[in-house]
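Since the structure comes first, as C-alpha cells, the remarks are kept for the end.
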Amino acid sequence: MKIVPRTVKGMRDFLPDEMRNRNYLISKFREIFEKFGFEPLETPVMEYSDILTGKYGTDGEKLMYNFKDRAGRDVGLKYDLTVPLARIIAQYTQIIKPFKRYQIQPVYRYDNPQKGRYREFYQCDIDIIGTSSIMADAECLSVCSSILTELGFKNFLIRINNRIFLNTLLSDIGFTDSEKIIVLRLLDKKKKVSSEKLDAEALEKGLNSEYFNNLITLLSESEADPVSFLERLRESGTTDGIKALLDLYSFAISLGVQEQNIKIDLSLARGLDYYTSLVWETEIVEPAIGSIVGGGRYDTLVERFSKEKIPCVGISFGFERICFAMKELSLFPKRKEYSGIFITIFNKDTLHESIYIAYELRKSGIPCELYLDKKKLKQQFKYASRKKFKWVIIIGPDEVASGKAVIRDLENSSEEKVDQSSLIDFFINYK
RNA sequence: GUGGGCGUAGCUCAAUGGUAGAGCACUGGACUGUGGCUCCAGCUGUUGAGGGUUCGAGCCCCUUCGUCCACCCCA
C-alpha cells in the first residue's frame with residue numbers, strides 16, 4: 001500500500017512558478033527595509049507556551065498551535081513575529097536601541113482555512129524598539145507607503161487612529177471598561193456591516209443604545225474632516241492622544257506619504273489586545289480583500305519578560321494577501337516566454353565537449369542547463385521546448401571535428417553555427 | 001468553534017440506481033542530427049474512507065476524513 005501524497009490541512013506547497021513570485025516579493029521587502037535602516041532577524045518556529053500565551057486574548061489563544069514535546073515541555077508554534085521579538089529584546093539586553101529589525105517568516109494559526117487564509121502563512125514585520133518618538137511610528141507608515149508604491153499599488157489607504165483617544169472618548173460617553181472591548185470589536189466591523197445590523201448587534205451585546213448612538217454620530221461627524229474635528233475637540237477639553245495622532249499624520253506626510261493614501265479614521269480599533277496607543281491599518285481598494293497591512297504602538301509588551309519598560313512600535317505586512325492582490329492586479333514582473341540556454345548531449349563521444357561548454361558558460365556568469373540523461377536528441381528537444389528554453393546548443397561529431405557549435409533559437413525556429421570559442425561572446429552580446 | 005457546496009485516472013470533468021468513460025498529460029513509434037503540428041499504439045482507477053438500504057450503489061441514507069466557501073476572528 002503506497003502512502004497517499006498530501007499536505008497537512010491548511011498548509012501549502014509552493015511550486016517554482018509561485019516561488020519565483022514570492023522570492024520577488026521578499027527581495028522587494030528586504031530592499032526597502034534595508035533602505036530605511038532595518039536589520040534582519042529570525043526566531044525559531046517554536047517557543048515555550050508561556051512565552052506565547054496571554055497577549056492575544058482568548059480568541060487568539062484558541063488559534064494557537066500548542067503541544068508537548070517528547071520531554072513533556074509545553075511548546076507552541078509562533079503565532080506572530082511580535083511576541084518573539086519582545087522575548088529577544090528582554091533576553092539580549094546588549095542590543096543597541098533604538099533597534100530596528102525586519103523579519104520575514106512563517107507563522108502558525110490553527111484556524112479553519114478559507115479564501116486567503118491558511119494555517120501556515122508568512123508575515124513580514126518591521127519594528128522599532130526603544131523609542132517613544134512618534135517619528136518612529138511615522139517611519140513605519142513611510143515604509144508601508146514606499147513598499148506598496150514600489151510594488152505597483154496605486155489605490156491604497158492607510159487609516160490611522162489612537163487607542164488612547166478612543167478610550168477617553170468611550171469613557172466620556174459613559175461606557176465601562178468591559179463594554180469598551182465590545183465596542184472596539186463592533187467598530188472594527190463598522191466598514192463591513194450595515195448600520196442597522198451594527199445597531200442590532202450592539203443591542204444584542206447589551207450596550208446602552210443611547211451611548212452607542214452618540215458614539216456613531218460623533219464618529220460620522222468626524223469623517224469628512226477628521227483633522228479639524230480633532231482640533232475642535234482639543235479646544236473643548238478632550239486632549240488625550242490627539243496631539244500624537246495629529247503629529248503622526250503630519251510626520252507621515254513629510255516622510256513622503258501621499259495625502260490621498262492616508263486618513264485619520266477615529267473608528268479604527270484593531271483586534272490585537274497588545275496595542276496601546278497609535279494604531280494603523282492599510283487596505284487596497286481593488287481587489288477588496290480587507291486589510292493587508294496593520295500595526296501600531298505596543299509599549300507594554302516587553303514588560304512581560306523584563307523589569308524594563310520598553311516602548312515599541314511596528315507594522316506587519318500580510319504577505320499572503322499582498323501576494324494574492326498582486327496576482328489579481330498582474331503586478332508581478334512577467335517572465336519572457338522563452339529564456340535560458342539548454343545544452344544537449346549528442347552521444348558519449350561528444351559528452352565531454354558538452355560538459356565543458358556548460359562549465360565555461362557558467363564560469364562566465366551565463367546560466368545554462370545541461371541535459372542529464374542518455375536520450376535521443378528528439379527527446380532532448382522536446383524537453384527543451386516544454387521548458388521554454390530560448391537557445392539549444394548542439395555539439396555533435398561534425399561540430400567536434402570543426403570546433404563549432406550549433407545554436408538553435410527555439411522561439412524563432414532558426415539556427416546558426418558559431419565557433420565554440422565565441423559562444424560566450426555570443427550570449428554576452430545577446431544580453 | 002458553527003453552517004453550506006464538492007470529493008470519480010496525474011489534471012479537468014462525464015456516466016436515469018443497471019458493463020466506470022472522454023479530453024489533456026504521460027510512455028513509445030511513424031521520424032537513427034532538431035521541439036511545437038499530425039497520425040498510430042500503450043499506460044492510468046479499492047469512484048476519499050467506513051458502514052447501511054437495495055436483486056444491484058459512483059449515484060440514496062448515516063458516520064468520518066479531505067477540500068472549497070461563509071460566519072466567528074483575523075493576515
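Numbers restart at 1 for each chain; the letters A, B, ... are given by sequence-line order, proteins then strands. Everything numeric here is computed off the predicted structure, so don't read it as measured data.
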Quick one: is [N] close enough that its OP1 or OP2 comes under 4.0 Å of any side-chain N or O from [X]?
X	N	result
A:Q379	B:G28	yes
A:R109	B:C73	no
A:K376	B:G29	yes
A:Q114	B:C68	no

Exercise for the section: Decide side chain to side chain contact (heavy atoms under 4.5 Å, CB included) for A:Y118 and A:R109; before the verdict, give the C-alpha distance in whole Å, the side-chain angles of both, and the deciding distance to 0.1 Å. Expected result: CA-CA 8 Å; A:Y118 310 95; A:R109 295 188 192 176; over 6 Å; no

[N] versus [M] - spacing of their [atom1] atoms, nearest Å:
N	M	atom1	result
B:C6	B:U64	C1'	16 Å
B:C60	B:A22	C1'	27 Å
B:U19	B:A25	C1'	27 Å
B:G45	B:C61	P	29 Å
B:G33	B:G29	P	13 Å
B:A70	B:C62	C1'	25 Å
B:U47	B:G28	C1'	30 Å
B:C40	B:U46	C1'	33 Å

Assign [X] to base, sugar-phosphate, or nothing according to its heavy-atom contacts below 4.0 angstrom with the strands shown.
X	result
A:E415	base
A:Y338	base
A:Y122	nothing
A:I394	base
A:G294	nothing
A:V392	nothing
A:S316	nothing
A:R386	sugar-phosphate

Exercise for the section: Take the angle between the ring planes of A:Y110 and A:Y65 and call it parallel below 30°, perpendicular above 60°, tilted in between. Expected result: perpendicular

In whole angstrom, give the distance that lies between atom [atom1] of [X] and atom [atom2] of [N].
X	N	atom1	atom2	value
A:Y118	B:C69	OH	C1'	12 Å
A:E120	B:A75	CD	C1'	14 Å
A:I284	B:A75	CD1	P	15 Å
A:L268	B:C74	CG	P	12 Å
A:I292	B:A75	CD1	P	13 Å
A:K115	B:G5	NZ	C1'	15 Å
A:I393	B:U34	CD1	C1'	14 Å
A:F324	B:A75	CZ	P	18 Å

For nucleotides 37-44 of chain B, print each protein N/O atom paired with a nucleotide N/O atom at under 3.5 Å, atom names and distance only.
none

Handout entry: Derivation and outcome, side chain to side chain donor-acceptor pair (under 3.5 Å), residues A:S267 and A:D265
Key = CA-CA 5 Å; A:S267 67; A:D265 180 349; 2.7 Å; yes

Practice task
Would you check if A:Y383 stacks with the base of B:G35, given a 5.5 Å centroid limit and a 30° plane limit, both strict?
Solution key: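 No, A:Y383 does not stack on the base of B:G35.
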
Fill in the blank from the handout: Taken to the nearest 0.5 Å, the spacing of A:I292 CD1 from A:E320 CD works out to 13.0 Å

Please pick, from [options], the nucleotide with the shortest atom-to-atom distance to any side-chain atom of [X].
X	options	answer
A:P113	B:C72, B:U34, B:C68	B:C68
A:K382	B:A75, B:G35, B:U34	B:G35
A:D111	B:A25, B:C73, B:G36	B:C73
A:K9	B:G66, B:A75, B:G33	B:G66
A:L410	B:G35, B:G33, B:C73	B:G35
A:L377	B:G1, B:U34, B:G36	B:U34

Exercise for the section: Please determine if A:K390 forms a cation-pi arrangement with A:Y338, meaning its NZ or CZ atom is less than 6.0 Å from the six-membered ring centre and no more than 45° off the ring axis. Expected result: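 Because its charged atom misses either the 6.0 Å distance or the 45° angle limit, A:K390 does not stack over A:Y338.
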
For this output row, return yes or no: ring centroids of [X] and [Y] closer than 6.0 angstrom.
X	Y	answer
A:F426	A:W391	yes
A:F121	A:F319	no
A:Y383	A:F342	yes

Practice task
Map A:F317 and A:G10 onto RNA chain B by nearest heavy atom, then report which one ends up closer to the 5' terminus.
Solution key: A:G10

Handout entry: A:K78 with A:D80: basic N within carboxylate O range, under 4.0 Å
Key =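 Judged by the 4.0 Å cut-off on N to carboxylate O distance, A:K78 and A:D80 do not form a salt bridge.
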
Problem - A:E337 with A:K388: basic N within carboxylate O range, under 4.0 Å - result: yes

Practice task
Check whether any side-chain heavy atom of A:D240 sits under 4.5 Å from a side-chain heavy atom of A:F165, and report yes or no.
Solution key: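 No; the side chains remain at least 4.5 Å from each other.
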
Handout entry: RNA chain B stem ranges, 3 or more consecutive Watson-Crick or G-U pairs under 3.5 angstrom
Key = B:1-7 with B:65-71, B:10-13 with B:21-24, B:26-30 with B:38-42, B:48-52 with B:60-64

Problem - base_contact_polar (B:G35 base, A:S413 side chain, donor-acceptor, <3.5 Å) - result: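 Per atom types, the contact qualifies.
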
Exercise for the section: Locate the shortest heavy-atom distance separating A:R321 from A:S291; write the atom from each residue and the value. Expected result: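 Taking A:R321 first and A:S291 second, the nearest heavy atoms are NH1-O, 3.1 Å.
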
Problem - side chain to side chain donor-acceptor pair (under 3.5 Å) between A:D127 and A:Y298, intermediate numbers included - result: CA-CA 10 Å; A:D127 290 85; A:Y298 49 101; 2.5 Å; yes

